[in-house]
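Structure, as structure tokens:
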Amino acid sequence: MASTERPLSPHIQVYRPQITSVLSILHRITGVALTVGTLFLTWWLVAAAYGPEEFTRAQSFLGSWFGHLMLWGFTFALFYHLGNGLRHLAWDFGLGFELPQVRKSGLAVVAFAVVLTLITLIAAYAAGGGS
Amino acid sequence: MEMRSSLAHARGLGAAKEGVGHWWSQRVTAIALVPLCIWFVFSAIALMGADLATFQDWLRPFGNALLMVLLVIVLFYHAYLGMQVVIEDYVSGEAAKVTVLLIVKFALFVLATSCVMAVILVAIGG
């Protein structure tokens, strides 16, 4: 009974991106990215079970410039998804649904993610992990 | 002529009946992941560049091994629930949708089990 040629909604081609919609899709993008990141978590743990050589290989990949770049990305994705997840939990309690509040909490989540990512990076390099 | 009541009609065409359970599981795992992820970030910073002996010494205490297994189980369950929603929303066509869902769910289950086995092996191994 479903016709296959029905138009899909929303018509994202004609919608002007807004902070609400951009942050909403970013929650899904970071979620999917973090799911892909579980591949690296699995590699890291399984390499440790395999032995010193495999573990060293995993650690040196994660310690390479590309590995660091990737980890920075996952760090930001984690903190964004965490912050926006808390925002979703507040909505589940019926809090903060007015548009000005939604914009404000959105900006707060972005600031939260950026600041925590920076703190984590500073802590990581200060801990001597930059080697 | 429509013989069924509006309620019966709505029920017949309703969702898959599992929506509430999915919704709750997603929230419960999300809350559990807040402290677990913070613990993981601290741990990952401490373990940057570590060799296997250091990593084993870190993972061997029961508390760390337990938290790692908890993180893995809750994380993969949360990812499984989230990926399901994303796939259901964006993959069109029943056959493609079911195929992608099965592949992703199998893959996440294999990854989760691999992580748990690896943690146990490292924690009890020499």
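Small disclaimer: the values here were computed from a predicted structure and weren't measured.
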query: Just wondering, do B:Met48 and A:His68 contact through their side chains at under 4.5 Å, heavy atoms?
result: yes

Shortest non-hydrogen separation from A:Gln59 to B:Gly49 and the atoms involved: NE2-N, 3.6 Å

- request: List the atom of B:Phe76, the atom of A:Thr42, and the distance in Å for their closest heavy-atom pair.
  value: CZ-OG1, 3.8 Å

- prompt: Pick from A:Thr75, A:Leu116, A:Leu34, A:Val46: which one has the most heavy-atom pairs with chain B under 4.5 Å?
  reply: A:Val46

- request: Let me see the working for B:Val41 and A:Leu78 under side chain to side chain contact (heavy atoms under 4.5 Å, CB included), right down to the final yes or no.
  value: CA-CA 10 Å; B:Val41 169; A:Leu78 176 68; 3.6 Å; yes

message: Please identify, among B:Leu47, B:Leu59, B:Leu33, B:Val119, the residue contributing the most non-hydrogen atom pairs under 4.5 Å to chain A.
response: B:Leu47

- prompt: If Ile, Leu, Val, Met, Phe, Trp and Tyr residues are connected whenever their side-chain heavy atoms lie under 4.5 Å apart, and connections chain through other members, are B:Val85 and A:Leu82 in the same group?
  reply: no

task: Using non-hydrogen atoms and a 4.5 Å limit, figure out which bit of B:Met117 sits close to chain A: side chain, backbone, both or neither.
output: neither

task: Answer with side chain, backbone, both or neither: which region of B:Ile120 has an atom nearer than 4.5 Å to a non-hydrogen atom of chain A?
output: neither

message: If you count heavy-atom pairs within less than 4.5 Å of chain B, which of A:Leu86, A:Asp92, A:Leu39 leads?
response: A:Asp92

query: Does atom CZ of A:Phe97 have more than 12 heavy-atom neighbours from other groups under 6.0 Å away?
result: yes

task: Report yes or no: do B:Phe42 and B:Val72 belong to one cluster of Ile/Leu/Val/Met/Phe/Trp/Tyr joined by side chain heavy-atom distances under 4.5 Å?
output: yes

- request: Could you tell me whether B:Tyr77 atom OH has more than 12 heavy atoms of other residues or ligands within 6.0 Å of it?
  value: no

query: So, do A:Val32 and B:Val86 sit near enough that their side-chain heavy atoms are less than 4.5 Å apart?
result: yes

task: Answer with side chain, backbone, both or neither: which region of B:Phe40 has an atom nearer than 4.5 Å to a non-hydrogen atom of chain A?
output: side chain

- prompt: Cluster question for you: counting only ILVMFWY and a side-chain heavy-atom cut-off of under 4.5 Å, with indirect links fine, are B:Ile38 and B:Leu75 together?
  reply: yes

message: Please identify, among B:Ala123, B:Ala50, B:Cys37, B:Ala79, the residue contributing the most non-hydrogen atom pairs under 4.5 Å to chain A.
response: B:Ala50

Over 12 foreign heavy atoms within 6.0 Å of NZ, A:Lys104: no

- prompt: Contact part of A:Trp43 toward chain B, heavy-atom cut-off under 4.5 Å: side chain, backbone, both or neither?
  reply: neither

- prompt: Does the side chain of B:Ile45 reach to within under 4.5 Å of the side chain of A:Thr120, using non-hydrogen atoms?
  reply: yes

query: Mind checking whether A:Arg28 and B:Asp89 have side chains closer than 4.5 Å, heavy atoms only?
result: yes

query: Any link between B:Phe62 and B:Ile124 through a network of hydrophobic side chains (Ile, Leu, Val, Met, Phe, Trp, Tyr) touching at under 4.5 Å?
result: yes

task: To the nearest 0.5 angstrom, please state how far the CG atom of A:Leu41 sits from the CG atom of B:Leu111.
output: 9.0 Å

query: Side chain, backbone, both or neither: which part of A:Ile25 has a non-hydrogen atom closer than 4.5 Å to chain B?
result: side chain

field: Nearest heavy-atom neighbours spanning B:His78 and A:His81
entry: NE2-NE2, 4.2 Å

query: Does any heavy atom of chain A fall under 4.5 Å from the side chain of B:Val104, the backbone, both, or neither of them?
result: neither

Considering all heavy atoms, the nearest A:Leu45-B:Val122 contact: O-CG2, 4.4 Å

message: Taking salt bridge (charged side-chain N to carboxylate O under 4.0 Å, His left out) as the cut-off, I'd like each qualifying pair that reaches into residues 32-52 of chain A, sequence neighbours left out, listed once.
response: none

message: Tell me whether A:Phe74 at atom CZ has more than 12 heavy atoms from other residues, nucleotides or ligands lying less than 6.0 Å away.
response: yes

- prompt: Are any non-hydrogen side-chain atoms of A:Tyr50 and B:Leu121 less than 4.5 angstrom apart?
  reply: no

message: Hydrophobic clustering (ILVMFWY, side-chain heavy atoms < 4.5 Å, transitive) - are A:Val109 and B:Val34 grouped together?
response: no

